[in-house]
Amino acid sequence: GNGGDEPAPSTGGEETPAATKDVLIVGQGADAVSLDPHATNDQPSSRVSKQIYETLVNQNESMELQPGLAESWEQVDDLTFEFKLKQGVKFHNGEDFTAEDVKFTLLRALDSAQIGHIVGSINGDAIEVVDDYTIRIATSEPFAPLLSHLAHTATGMLNQTAVEEFGEDYGQNPVGTGPYKFDKWMSGDSIELVRFDEFHGDAPAIERVIFRNIPENTNRTIELETGGIDIAYDIAPTDVERVESNSDLVLQRSPNLATSYIGFNAAKAPYDDVRVRQAINYALDMESIVNAVYKGVGSPAKGVLGPNVWASNQDLEGYGYDVEKAKELLAEAGLADGFSTTIWTNDNQQRMDIAEIVQNQLKAVNINAEVQVVEWGSYLDGTAAGEHDMFILGWVTVTGDPDYGLYPLFHSSQHGAAGNRTFYSNARVDELLDIGRKSVDPDVREEAYMEVQQIIRDEAPWIFTWAGEDLAGVRSNVKGFQQHPAGHHKIFTVYFE
Amino acid sequence: MTTDSKKVDIQKENVAENAKKRSQWLEVWRRLRQNKSAMVGLGIIIVLILSALLADIVAPFGIDDQNLMNALQTPNSNHWFGTDNFGRDIFSRVVHGSRISLQVGFIAVGIAMITGGILGAIAGYYGGKLDNFIMRMMDILLAIPSILLAISIVAALGPGLSNVMIAVGISSIPSYSRIVRASVLTLKDQEFVEAARAVGANDVRIIGRHIIPNSMAPIIVQATLGVAGAILSAAGLSFIGLGIQPPTPEWGAMLSSGRQFIRDYPHMTAFPGLAIMITIFGLNLLGDGLRDALDPRLKN
Amino acid sequence: MSMLLEVKDLNIHYISHEGTVKAVNDMTFEIAKGETLGIVGETGAGKTTTALGIMQLIQTPPGKIVSGEIIYDGEDLLKKSQSELRKIRGNKISMIFQDPMTSLNPVLTVGEQIAEVIKLHQNVNNAQAMVKAEEMLETVGIPGARSKDFPHQFSGGMKQRVVIAIALACNPELLIADEPTTALDVTIQAQVITLMNRLKKEFNTSMIMITHDLGIVAEVCDKVAIMYAGNVVEYTNKYNLFTSPKHPYTVGLFNSIPNIEEDETRLKPIKGLMPDPTNLPSGCAFHPRCPKAMPICSKQIPQRTEVSEGHFVNCFLYENVDNKDQAGE
Amino acid sequence: MHKYILRRLLMLIPVILGVTFIIFTMMYFTPGDPARIMLGEAAAEADVIRLRAELGLDDPFLVQFGRYVKNAVVHQDIGRSYTTNRPVLELIMTRFPSTLKLAALGIMVAVIIGIPTGIISATKQYSLFDNVAMVVALLGVSMPNFWQGLMMILVFSVYLGWLPSSGFNTPAHMVLPALTIGTSTAAIITRMTRSSMLEVIRQDYIRTARAKGQVESKVINRHALKNALIPIITVIGLQFGYLLGGAVLTESIFAVPGVGRLMVDSIRSRDFPVVQGGVLFIAVTFSFVNLIVDILYAFVDPRIRSQYK
Amino acid sequence: MAEKLIEVKNLKKYFNTKKGLLHAVDDVNFYINKGETLGLVGESGCGKSTTGRVLLRLLEATAGEVLFEGNDILKLNSAGMRDMRKQMQIVFQDPFASLNPRLSLSEIIAEPLIVNKVYNNKADMNKKVKELMDTVGLAQRLINTYPHELDGGRRQRIGIARALALNPKFIVQDEPVSALDVSIQAQILNLMADLQDEFGLTYLFISHDLSVVKHVSSRIAVMYLGKIVEMSDYNSMFKDPLHPYTQALLSAIPVPSLEVHKEKIILEGDVPSPINPPEGCRFYGRCRHRQDICLNQSPELREIEPERFVACHFARNLK
Ligand SMILES: Nc1ncnc2c1ncn2[C@@H]1O[C@H](COP(=O)(O)OP(=O)(O)OP(=O)(O)O)[C@@H](O)[C@H]1O
Ligand SMILES: Nc1ncnc2c1ncn2[C@@H]1O[C@H](COP(=O)(O)OP(=O)(O)OP(=O)(O)O)[C@@H](O)[C@H]1O
Ligand SMILES: [Mg+2]
Ligand SMILES: [Mg+2]
Ligand code: NI
């Protein structure tokens with residue numbers, strides 16, 4: 001192979017090898033959309049923003065809450081939290097970080113169509129700047145998961161001056177308080193960040209970070225192998241073995257907060273009949289489907305929530321593969337002769353693969369399913385409008401809190417576009433989800449969520465498919481890299497050996 | 001005395017002697033038959049058409065016979081081209097794929113040829129403002145790269161075999177209209193057209209009996225090459241995930257789903273790729289041969 | 001008299017998978033210095049092929065000079081190397097093609113095209129060649145200033161003059177003109193023929209004038225070879241040809257032309273058609289159309305017979321008269 | 001000549017308008033709500049409605065189209081991307097250099113390979129060289145670009161490890177994409193050169209040149225090539241124009257951040273302003289390339305030159 | 001006096017071209033008597049074919065009248081024209097371009113019969129086709145051959161048969177033999193003469209070859225740049241040409257004979273462009289006898305002797 005093709009550092013450093021290597025190149029599958037956290041909510045953007053912005057609260061790699069820009073906080077009443085902010089924090093443009101910035105940021109976030117829902121529980125009128133480094137944030141209703149929401153990258157703290165200065169172009173001129181500041185962006189190709197020397201915390205070891213956009217999975221791995229990049233995100237299942245067996249590379253695996261499911265449009269016959277939904281659950285050999293498609297990456301899903309979401313019920317009993325049982329149930333539902341249906345998927349390779357196998361396996365119970373690969377836009381429109389039958393989709397419980405992973409998906413107020421694309425309604429589920437959302441008592445919440453998960457398993461609006469896992473390939477001289485379950489991994493802890 | 005520089009084609013007496021009906025097309029066929037590479041091309045196309053027609057007999061397995069246990073076998077005596085990630089027999093899928101590809105190719109070209117041909121014939125024959133208008137429309141279509149046009153059309157209509165055919169068809173309308181127009185333009189001033197007019201033939205007869213049959217040559221050549229182009233475009237669309245629905249064994253789609261395995265199981269991409277290549281190769285050979293056979297000027 | 005060019009038993013064939021065209025068969029003729037030979041024949045008779053054969057510009061394949069000798073200035077051109085031939089072409093022997101519209105390169109100025117041949121054969125630099133080219137243009141009656149124009153800016157007659165200028169630029173000893181006026185109108189043809197006659201005299205050039213027009217022969221040629229289907233059927237001086245044509249084909253040719261000087265009511269055409277060049281009749285190629293055909297004509301190829309001094313005919317009508325004459329030749 | 005160019009530029013206006021209209025209409029009727037795509041699967045309906053209104057997507061077709069044309073003509077503003085909120089023109093211009101480089105390199109490769117091969121093939125028609133070259137060229141035309149790209153990655157990046165497989169920053173990165181584009185284009189150019197040369201070589205003026213005693217190499221280079229050039233230029237121009245927007249597949253295989261990929265991504269994310277702007281931009285550049293080709297004709301062929309006067 | 005079949009009055013045909021208005025036929029007057037042949041000669045591009053085409057309304061005239069037996073055919077509506085087409089036909093110069101290569105010989109000859117619905121019975125029609133083939137000397141065995149299999153002479157016979165199919169009175173012969181070799185040309189010329197005798201046809205015979213024109217015509221019109229410069233019977237024309245152009249034209253023909261030694265009149269220059277032609281005499285630029293008046297005033301075609309027309313200010317004074 002050749003080692004000489006990494007882009008030359010744009011700052012003229014000395015030519016001595018390895019020891020002074022101070023550029024880290026990260027390959028990911030898509031270009032960021034915008035570095036204005038309020039303008040987008042996509043993973044590639046968050047992965048970059050994470051290095052530029054900081055949030056009030058952090059979640060560590062075990063999803064535990066930790067101080068971020070807020071040194072400490074306390075709950076003042078059912079609705080209100082008071083945060084003490086860290087002092088001496090500077091924005092990349094040199095301004096000090098104060099409570100006013102927090103207020104500005106949160107109000108702006110509330111206004112955002114893209115991420116408004118993440119801070120939607122906050123009552124904008126009730127944000128109170130106590131002093132420069134103290135702020136009170138109140139929600140309109142009791143909202144238990146507020147802190148985990150404030151750990152979401154979308155709530156990274158912005159600088160008012162910078163936002164106003166760049167106006168519409170802020171997304172290409174981000175200013176945060178994080179360890180790296182934005183340097184340049186070659187659209188479609190790469191984004192370069194450079195170390196922020198006045199960073200308030202531990203200075204990163206690496207001077208410059210480049211996020212390169214390499215859409216093809218295979219190419220990304222090849223680039224990693226040939227040394228073109230140092231870290232490759234989202235190693236494809238097919239490349240796992242290859243990376244693992246390469247002594248120059250280390251494969252990091254960690255379960256994440258993503259899950260895949262096959263949903264039924266429960267508002268539509270025959271899926272309004274729980275027996276049909278269950279029958280199809282029995283008719284599919286989910287275990288082997290997942291193995292065939294994901295090749296051992298992640299795991300067959302045991303429930304709605306992934307294992308590292310708080311209050312996830314991992315003890316639900318699976319349906320198992322039982323064609324006879326499926327036929328029985330169908331017969332009971334009056335569909336012994338089967339029926340014709342469609343399976344929608346977008347053009348995600350794994351989902352298409354799943355669809356193809358599912359289609360194939362359903363033949364055994366006389367269900368004639370047609371796979372329809374629908375473009376993302378039409379897919380969202382169509383599933384929101386309830387035009388679909390069966391569909392394959394995923395969900396990421398980014399906050400790590402079950403509220404985020406259940407409420408939008410199963411609450412009957414969330415039908416359609418808001419997230420509940422199965423159009424599933426169950427009064428008990430609604431009630432439990434409301435309890436979970438409002439209660440401050442973790443035990444009460446946990447109990448409610450456990451029950452919800454059981455009901456959903458039994459009533460089967462979903463076929464649980466896959467619990468996600470993040471795979472990152474890292475060159476062996478890269479140290480200090482650890483994946484975050486939410487996907488936006490910290491780069492500023494990384495160093496070269 | 002001055003003669004026109006055109007050589008008087010001296011005919012073979014013996015040909016005229018046995019006065020069997022020997023149309024221009026037979027003549028073309030005779031010339032084509034002498035062209036070895038065109039015959040190779042024709043052979044390839046015939047094999048393809050046969051395999052498309054007889055796919056169910058030729059293919060040892062069905063297109064969707066999954067066997068997850070048998071996934072990703074390299075070529076062996078049982079599975080000549082190996083199996084894919086679902087354990088399906090790639091050879092069978094490639095064979096069935098010829099059906100899809102030829103269908104897409106022929107229908108897309110049919111759409112383009114008919115619409116383009118009619119537009120071109122009208123523009124060329126009547127000329128003037130109509131011509132101008134039609135040709136400006138074609139310029140506009142031409143200014144948009146055909147693959148982008150096709151992608152937009154598929155986006156607008158939604159993916160699926162028939163939409164792909166429509167998209168690829170529409171995006172190649174301009175080339176046909178141009179060719180037909182050009183040949184109509186040269187033909188309409190030909191003396192035999194004038195002769196027809198002199199004996200009182202009307203426009204319909206002139207276009208139908210004199211102009212269209214004589215403009216077939218370039219259209220046929222373009223169509224042969226166009227089928228190749230259409231197959232490629234459709235495969236390209238499938239490759240970027242805008243084409244045909246699974247589990248349809250479209251070659252481009254097979255290639256696309258194989259690319260994630262390209263390093264360990266290159267046979268998944270190699271065979272559909274080769275299938276495309278051989279098909280296009282055959283069509284091109286045939287198209288070239290037809291061009292030579294139809295244009296006696298290029299003879300030798 | 002010493003001959004400038006002697007062509008002996010030249011055979012040229014075009015070989016393709018459609019069959020072999022025997023385009024030129026046993027062609028024999030000679031040209032003295034300053035003399036003009038006319039080669040006359042209908043389409044496909046092999047006139048152009050003969051000319052290209054002498055220039056050795058037959059496209060190979062499909063063409064092939066099968067046998068024969070082309071003796072120019074005592075040396076056989078067929079034995080010369082390409083580079084030797086290049087020194088002769090355009091310099092000692094030059095050629096004018098039938099169609100002035102296509103004989104000139106459309107993307108080069110006429111000056112450049114004339115200068116090119118001058119530079120190739122004379123030891124001059126670019127500027128001198130251009131000056132010489134302009135002189136040549138003037139010689140053929142075109143203002144020298146137009147040397148910077150491109151061929152499409154000239155009319156047909158002027159283009160043919162440019163072609164003549166190219167051909168004569170190096171003062172060749174032999175000029176082969178392949179139907180140089182066929183594509184031109186009569187009044188323009190008259191201009192060009194007059195010009196050629198003048199220049200021929202001026203430069204004392206020998207010439208082969210290929211034509212199908214007996215009128216032109218009468219005007220410019222000293223000797224004539226009548227060709228039919230690749231064979232010379234009659235070869236003689238102009239006087240003999242016009243006063244006592246011998247070969248039935250020659251006679252038929254004369255009878256086919258409406259005579260502008262006389263009032264004939266009916267032409268007496270040769271019956272039938274030209275034969276298929278890949279499948280010539282056996283024996284004398286003309287016999288199926290010949291009014292005087294005899295049984296022998298279809299069986300044997302008639303030999304060249306000298307019927308009177310310098311008057312050769314390939315026809316059995318005359319062959320028996322005196323066979324020995326021919327042997328003595 | 002100036003007049004001619006001016007006239008051609010004026011003729012661009014209806015084409016541009018037409019392209020705008022077509023693509024606008026097509027996008028308008030394309031299913032899939034841009035607002036919803038931007039907001040993703042977790043968005044609240046109210047947010048979607050709000051965003052739709054912000055983007056002006058609820059206005060009737062003609063209002064939207066009129067606004068677009070007005071902004072473009074009056075303010076020279078072709079809008080901002082829905083998704084990234086960047087000015088469309090800026091977005092295109094950051095992508096265009098890569099596309100241009102890729103197209104230019106591909107064409108260069110193609111010309112360097114194609115024209116000499118075509119010439120040799122034509123001058124030695126039916127020789128071994130000719131036969132081999134023609135089969136190879138035909139294979140080149142027949143090989144799907146995207147497949148060839150993958151195979152080249154397999155060989156040059158995976159097995160041999162000589163060249164990087166993705167990106168477009170350094171010369172090394174450009175080799176494979178340029179070769180991918182270059183081979184098929186080279187094949188086309190080779191075939192065109194050959195047939196065009198064969199046509200020209202038959203002409204009388206080539207015979208005239210030979211009759212002058214000119215050496216064969218000069219007959220080919222000085223007399224034949226220049227005349228054969230017109231169809232070759234046409235093909236090069238067409239290919240170049242095509243590559244400016246049509247190299248989508250190559251761009252995505254090799255992660256070249258080009259306009260083609262931008263277009264495809266935008267079509268899929270229903271980023272209408274970018275699609276419209278991009279197609280418009282491509283159409284205009286394409287027309288410019290055509291204009292340049294026509295001007296080149298005039299340089300090559302005096303007959304055409306005199307027509308333009 | 002002979003009866004006029006065709007009379008052309010002030011006929012004009014202009015073409016719009018990129019470079020300007022092209023005066024292909026400019027104010028042309030002539031007539032053709034029943035049963036005679038009018039020869040129309042002139043150099044390439046002088047407007048001969050255009051005249052012929054306008055006569056048959058294959059091109060629409062810009063101005064003027066074409067009287068066929070006294071009716072102005074330029075004023076006929078399409079139905080009237082359809083009838084008229086049966087009366088007048090054309091044979092084209094190029095035996096290759098004038099036959100549709102996709103049709104067989106019989107189909108080509110039958111075309112006029114089909115188009116005009118002459119027969120409603122196939123057998124009759126086939127009989128007629130065979131008859132026509134006999135008439136023009138095409139062997140019956142060729143009935144199903146295609147044009148490309150035939151030589152130029154035979155193809156031209158097909159063209160003639162097609163023209164004869166509707167029993168026309170008048171045929172425009174647009175250089176019917178100029179693409180043929182001399183031996184074939186003579187055959188065709190003889191054929192046409194025979195047909196004229198047999199059917200009492202009237203010909204407009206277009207050619208640039210004076211020997212041929214002289215051979216076939218009773219009267220001759222000489223055209224120069226869109227205008228007729230001289231028209232008279234062939235005898236007077238050849239013995240005593242009046243217009244300086246005719247004189248030059250006649251002198252320029254190479255004669256295949258050693259006895260004739262003509263003094264050639266070599267014209268300077270070429271035929272000027274028919275686009276925006278000169279005001280005065282079109283021949284001014286090449287004329288040996290030009291005077292100032294010729295530059296400004298276009299000479300009319302005058303009948304200076306009975307049946308002898310010439311368009312020259314100084315005709316008869318030149319010698
Ligand atoms: N390149 C070629 N390939 C095959 N046959 C050829 C070729 N060139 C000429 N011929 C054949 O050779 C014969 C003689 O042709 P040539 O051109 O010498 O005739 P010509 O007397 O010059 O006729 P024309 O008066 O039409 O110029 C013809 O039958 C012709 O068809
Ligand atoms: N359809 C047309 N459009 C424009 N110009 C035309 C058209 N037809 C003929 N012309 C022009 O009109 C003039 C007369 O043409 P026409 O064909 O009548 O000449 P001609 O005497 O028959 O010549 P030739 O002997 O070459 O056949 C020429 O300059 C020609 O270029
Ligand atoms: Mg010749
Ligand atoms: Mg004419
Ligand atoms: Ni002649």
Side-chain angles (χ1 to χ4, degrees), chain C residues 48 51-52 54-62 82-110 112-122 148-153 159 162-163 166-167 169-170 172 175-176 178 183, chain D residues 1 119 121-131 193 196-234 293-309:
Chain C
T48 303
L52 291 175
I54 296 167
M55 294 295 285
Q56 303 220 11
L57 285 174
I58 302 259
Q59 196 191 11
T60 320
Q82 275 301 318
S83 67
E84 285 170 321
L85 283 171
R86 273 200 296 272
K87 291 206 184 80
I88 293 173
R89 283 186 207 134
N91 188 22
K92 299 240 165 81
I93 309 180
S94 53
M95 181 156 174
I96 300 174
F97 294 101
Q98 172 168 349
D99 190 350
M101 311 300 160
T102 59
S103 309
L104 291 174
N105 190 332
V107 302
L108 300 177
T109 65
V110 298
E112 285 171 321
Q113 298 190 52
I114 303 172
E116 182 181 12
V117 67
I118 297 170
K119 264 190 301 182
L120 278 169
H121 299 295
Q122 294 174 10
K148 288 181 189 64
D149 285 352
F150 289 93
H152 72 272
Q153 291 161 298
K159 275 190 231 176
V162 173
V163 175
I166 293 175
C170 292
L175 175 64
I176 304 177
D178 186 1
Chain D
M1 196 72 174
I119 292 175
S121 268
T123 49
K124 299 200 165 48
Q125 198 187 0
Y126 302 132
S127 65
L128 183 67
F129 180 94
D130 181 32
N131 287 331
T193 308
S196 172
M197 279 299 278
L198 279 178
E199 181 94 34
V200 168
I201 282 176
R202 283 197 200 100
Q203 300 293 318
D204 271 353
Y205 53 78
I206 297 301
R207 264 203 320 211
T208 307
R210 293 200 179 114
K212 286 176 184 174
Q214 187 58 278
V215 292
E216 197 55 26
S217 63
K218 279 229 177 138
V219 170
I220 297 302
N221 293 328
R222 188 174 147 92
H223 290 273
L225 188 56
K226 213 172 165 197
N227 280 289
L229 226 44
I230 288 222
I232 302 174
I233 292 178
T234 311
V293 165
D294 285 355
I295 293 171
L296 277 181
Y297 287 166
F299 272 101
V300 174
D301 191 334
R303 287 166 296 185
I304 297 176
R305 202 177 316 156
S306 66
Q307 270 174 27
Y308 290 170
K309 282 187 180 135

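Protein chains get the first letters and strands the later ones, always in sequence-line order, with residue 1 at the start of each. Basis for what follows: all heavy atoms, side chains included, without hydrogens, waters or symmetry-related copies.
C:Val107 and D:Asp301 make their closest contact through CG1-CA, 4.2 Å (heavy atoms, listed as atom of the first residue, atom of the second, distance). The two residues C:His121 and D:Gly213 come nearest to each other via the heavy atoms NE2-CA, 4.2 Å. Nearest heavy-atom pair, C:Leu57 versus D:Arg210, reported as atom, atom and distance to 0.1 Å: CD2-CB, 3.4 Å. What you find for D:Pro302 and C:Pro106 is that their closest heavy atoms are CG-O, 3.0 Å.
With a threshold of 4.5 angstrom between heavy atoms, C:Glu112 approaches chain D through its backbone and through its side chain. Using a 4.5 Å cut-off between heavy atoms, C:Ile176 makes no contact with chain D at all. Residue contact with chain C, scored on non-hydrogen atoms closer than 4.5 Å, involves the backbone and the side chain of D:Val215 alike. For chain D, the nearby parts of C:Gln113 are the backbone and the side chain; heavy atoms of each come within less than 4.5 Å. Contacts of C:Leu104 with chain D are made by backbone atoms alone, with heavy-atom separations under 4.5 Å and no side-chain atom involved. Only the side chain of C:Ile166 comes within less than 4.5 Å of a heavy atom in chain D; its backbone stays farther off.
Counting heavy-atom pairs under 4.5 Å between each of D:Gln214, D:Gln203, D:Lys218 and chain C puts D:Gln214 at the top. In terms of heavy-atom pairs under 4.5 angstrom with chain D, the leader among C:Asn91, C:Leu52, C:Ile88, C:Val163 is C:Leu52.
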Requested in this report: Mind running side chain to side chain contact (heavy atoms under 4.5 Å, CB included) on C:Leu108 and D:Arg222 for me, showing each step along the way?
Outcome: CA-CA 9 Å; C:Leu108 300 177; D:Arg222 188 174 147 92; 4.2 Å; yes
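Between atom CZ of residue D:Arg305 and atom NE2 of residue C:His152 there is a gap of 8.5 Å, rounded to the nearest 0.5 Å.
The main-chain N or O of C:Ser103 is found under 3.5 Å from a side-chain atom of D:Thr208 such that the two form a donor-acceptor pair.
No more than 12 heavy-atom neighbours from other residues, nucleotides or ligands sit within 6.0 angstrom of CD on C:Gln59.
No side-chain heavy atom of C:Asn105 sits under 4.5 Å from any side-chain heavy atom of D:Lys226.
The side chain to side chain contact (heavy atoms under 4.5 Å, CB included) test with D:Lys212 singles out one residue from C:Glu116, C:Lys119, C:Met95, and that residue is C:Glu116.
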